[in-house]
Amino acid sequence: MAAVRQYPNHPVGARVRTVGGGAQNGHVLVIVGAEASQEAAYAVLVPGEPALGRRGLAPDELARYAAELEREHSPRWVFPAVESVYPVLLRADVRLRRCHDLTLAEGLLLAHEGRNGEPRELAAALARANGTEPPPDVGYADEDRHPTLFDARGSGLPPGVNAVDAAEIVLAEQERRIAETAFPDRMRLLIAAESASALAAAEMSADGLPWRADLHAALLTELFGPRLPAGQRPRRLVELAAKVSAAFGRPVNPDSPPEVVRALSRAGIEVPAARAHLLRDIDHPAIPPLLEYKELARLYAANGWSWLADWVSDDRFRPIYVVGGVVSGRWASRGGGALQIPKTLRTCVRADEGWKLVVADAAQLEPRVLTALSGDRKLADVASSTDLYASLAEAMFAGGHKIAIKHWDDRDDRARAKIAMLSAMYGGTSGEAGPLLALLRNRFPEAVSYVEHAAQAGERGERVRSKLGRTSPAPSEAWRALTGGASDSAADETQARRAARNWGRFTRNFVVQASAADMTAVLLATLRQRLPAPAHLVFFQHDEVLVHTPAELADEVSKHIEESVAEAASLLFGASCPVRFPMHIASVDCYADAK
DNA sequence: TCTTTTAGCGCG
DNA sequence: AAAGCGCGCTAAAAGA
């Protein structure tokens, strides 16, 4: 094994090339898969180094051997799916630096090839490589929320085919497909970053977000009264519901939107729905308790006692993240609502004694990403400000240029600049958005035309790509049927036009949101390698990371975050990218104190 | 009665 | 004239 050199210390590991076989380029490649014949028996294959191969390893043996290989060779690991194998290693406290997740890579490549939605797990990828019919993905069992790729339901691989052998074939095939993309280096970076994100996600689930169950319980008791059996409305909600009913003069269930709408109608107030913002300005005695009920009931249902019991253990919240679970490449979560923790509960997120939480969020990430994507130099100047929207307001409205909007108030300039930018990124046109967007287009034509081209492509049914090659799905057959042919009637025409516009808004936003996801994936990949032990990532939410660290390392952690963002921007947009990506970084004891 | 869909709202 | 993106989760409502 002495012939095998350590892989150069690249933070993401994106430069790894293994086409044509394993160690020949000086990189150790380790493929781990479960034995098809036995449950929880793992195999390790090192291409070009047969002596290092192992078969029939029990989980603890796999962990020990993986730790040894990681220590000796710092290889690029190849897993059928990180979320299946890596938890086995994490339970033995084995951490790996870099990897290639075959399932995530397959998903990215399929999307790039316009085959979104086809099965992407190892068995399907193998069938695809062999030119046979891919079996459907096995997915996850709802019962235990754990991956089932290698459980009793089987891997779906043909009889006698071992996962490591399948993985070797699939890896070679994926390398071939990567090389066929327009920008292989970008796709390589994307897959490396996505795979590293999967490592980070599994580590975060294993480590958990520090969560003081006692504070959460105290808060619930304070807001709702003593804990009652599941299914029973707590005291405070009973009181508020009674007030609502009393104000209407008849029993009204505030949890039932139709009942609320009917009750208001009887009181002579017509509302199209029972949404809080539609009720906010109504003058009726039932409204205040109703709004208070809605807000509290939401918290109780989503993050009440049963959530606390199900998702918090040993003062850690352990959600399951779904890396790349959103078409744009953002993460999703499975159970626990990890990405929707209400701000009111952030007071429960506390660093351990002697530790700190370093909370870092990217300021206005998406408009900055759009700026970098489009290469709009003037907007890049605006983005040199930490408060992009304030600076944008100056650029848009300086010289007293006020467009035809009634009751203009200078104090609204920043808000209006923000509406203009969000309208460009989301396709909004309501209210003042139209004229504001026109002004933005006038001042920053390059940036606005970038998203408008994406929208037009979507309206034509074309796919669009992020900076690193994440690709939007093709619209459905139903969409094509609706928008494709000549319309028989004006109504059909309207419907077709609406469908086209809707898809255009999706692709318009996709190029920005997905490129932002590219950037944060690279950020995560970079940061998790740079963090000084025992500091570790504990939370990630689209444009925000939390690191739990011994207090004395907090400053160093902040510095690594800054550097990782710069590294990510440089890898995506080039070393000379003029766009700043400032971070709000706070070192706090409590998450609630970060803003 | 059981399953699927909808409305509403939390997060970015 | 109106029209902004992406998710997950719960209870109620609708459907089978």
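Sequence lines set the chain letters: A, B, ... in the order given, protein chains first and strands last, and positions in each chain run from 1.
Evaluated for a side chain to side chain contact (heavy atoms under 4.5 Å, CB included) with A:R120, the options A:L108, A:D137, A:L109 yield exactly one hit, A:D137.
For the pair A:W331 CH2 and C:dC7 C1', the interatomic distance rounds to 15 Å; values are reported in whole Å. The CH2 atom of A:W307 sits 19 Å away from the C1' atom of C:dA11 (whole-angstrom rounding). One interatomic measurement links the two molecules: CD of A:E259 to P of C:dA11, which rounds to 16 Å at whole-angstrom precision. Here C:dA12 presents its C1' atom at 8 Å from CG of A:N253, a figure rounded to the nearest Å. Straight-line distance from the CZ atom of A:R280 to the C1' atom of B:dC9: 11 Å, rounded to whole Å. Regarding A:L339, its CG atom lies at a distance of 15 Å from the C1' atom of B:dC9, rounded to whole Å. What separates NE2 of A:H277 from C1' of B:dA7 is a distance of 12 Å, to the nearest Å. Taking atom CZ of A:R233 as the reference point, atom C1' of C:dA12 lies 12 Å away to the nearest angstrom.
At a cut-off of 3.5 angstrom, counting only N and O atoms as typed in the model, there is no donor on one side facing an acceptor on the other between the side-chain of A:R334 and the base of C:dG8. Counting distance only, with no hydrogens placed and no angle test, the side-chain atoms of A:R505 and the base atoms of C:dC5 include no donor-acceptor pair under 3.5 Å.
Comparing A:G431 and A:F506 along DNA chain C, the residue whose closest nucleotide (by nearest heavy atom) sits nearer the 5' end is A:G431.
Counting any heavy atom pair closer than 4.0 Å across all strands shown, A:A274 reaches sugar-phosphate atoms only and no base atom. Among the heavy atoms of the strands, none lies under 4.0 Å from A:A338. Among the protein residues, A:A424 comes within range of no part of the nucleic acid, since none of its heavy atoms lies under 4.0 Å from any strand. Within 4.0 Å (heavy atoms only), A:A301 reaches sugar-phosphate atoms of the nucleic acid but no base atom. Among the protein residues, A:G325 comes within range of no part of the nucleic acid, since none of its heavy atoms lies under 4.0 Å from any strand. In this structure, A:L299 reaches neither bases nor backbone, as no heavy-atom distance under 4.0 Å exists between it and the strands shown. Across all strands shown, A:G427 has heavy atoms under 4.0 Å from sugar-phosphate atoms exclusively, and none from any base. Note on A:V327: only backbone sugar-phosphate atoms sit closer than 4.0 angstrom, heavy atoms only; bases stay farther off.
Nucleotide B:dG8 carries an anti base; the chi torsion (O4'-C1'-N9-C4 or O4'-C1'-N1-C2) is more than 90° from 0.
Judged purely by distance below 3.5 Å, without hydrogens or angles, the side chains of A:D255 and A:Y293 pair a donor atom with an acceptor atom.
Remark: aromatic rings of A:H284 and A:F248 are close, center separation under 6.0 Å. You'll find the ring centres of A:W305 and A:W311 outside the 6.0 Å limit. Taking the ring centroids of A:Y591 and A:W211, they lie at or beyond the 6.0 Å cut-off.
With B:dG12, C:dC7, B:dG10 as the candidates, the nucleotide lying closest to the side chain of A:Q340 is B:dG10. Comparing C:dC7, B:dG8, C:dA11 against the side chain of A:D255 picks out C:dA11 as the nearest. If you check B:dG8, C:dT10, C:dA3 against the side chain of A:R275, the one that comes closest is B:dG8. Of the candidate nucleotides C:dG6, C:dG4, C:dA13, C:dA13 has the atom lying nearest to any side-chain atom of A:P258. The listed nucleotides are B:dG12, B:dG8, C:dG4; the one nearest the side chain of A:S430 is C:dG4. Residue A:R298 has its side chain nearest to C:dG8 when only C:dG6, C:dG8, C:dG4 are considered. Listed candidates were B:dA7, C:dG6, B:dG12. Nearest to the side chain of A:P257 is B:dA7. Nearest to the side-chain atoms of A:S333 among the listed nucleotides C:dA3, B:dG12, C:dG8 stands C:dG8. Among the nucleotides B:dG8, B:dG10, C:dG6, the one closest to any side-chain atom of A:Q513 is C:dG6.
In this structure C:dC9 sits in a base pair with B:dG8, meeting the Watson-Crick or G-U test at under 3.5 Å. Pair assignment for C:dA3 gives none, since no Watson-Crick or G-U wobble pairing has each distance under 3.5 Å.
Checking the phosphate oxygens (OP1, OP2) of C:dA3, no side-chain nitrogen or oxygen of A:R501 falls inside 4.0 Å. At B:dC9, one or more side-chain N or O atoms of A:K294 fall inside 4.0 Å of OP1 or OP2 (strictly under the cut-off). In terms of phosphate contacts, A:N502 brings no side-chain nitrogen or oxygen within less than 4.0 Å of OP1 or OP2 of C:dA3. Between A:S256 and C:dA13 there is a side-chain polar atom (N or O) within less than 4.0 angstrom of OP1 or OP2.
Note: A:Y321 and A:F539 have tilted aromatic rings, judged against thresholds of 30 and 60 degrees for the angle between ring planes.
Comparing the C1' positions of B:dC9 and C:dA3 gives a spacing of 22 Å, expressed to the nearest Å. Comparing C:dG4 with B:dG8, their P atoms sit 16 Å apart, to the nearest whole Å.
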* Might you work through the salt bridge (Lys or Arg N to Asp or Glu O under 4.0 Å) test for A:E452 and A:R441, ending with a clear yes or no? => CA-CA 10 Å; A:E452 290 185 340; A:R441 187 187 299 113; 2.7 Å; yes
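For A:E239, the CD atom counts as densely surrounded, since its 6.0 Å shell holds more than 12 non-hydrogen atoms of other residues, nucleotides or ligands.
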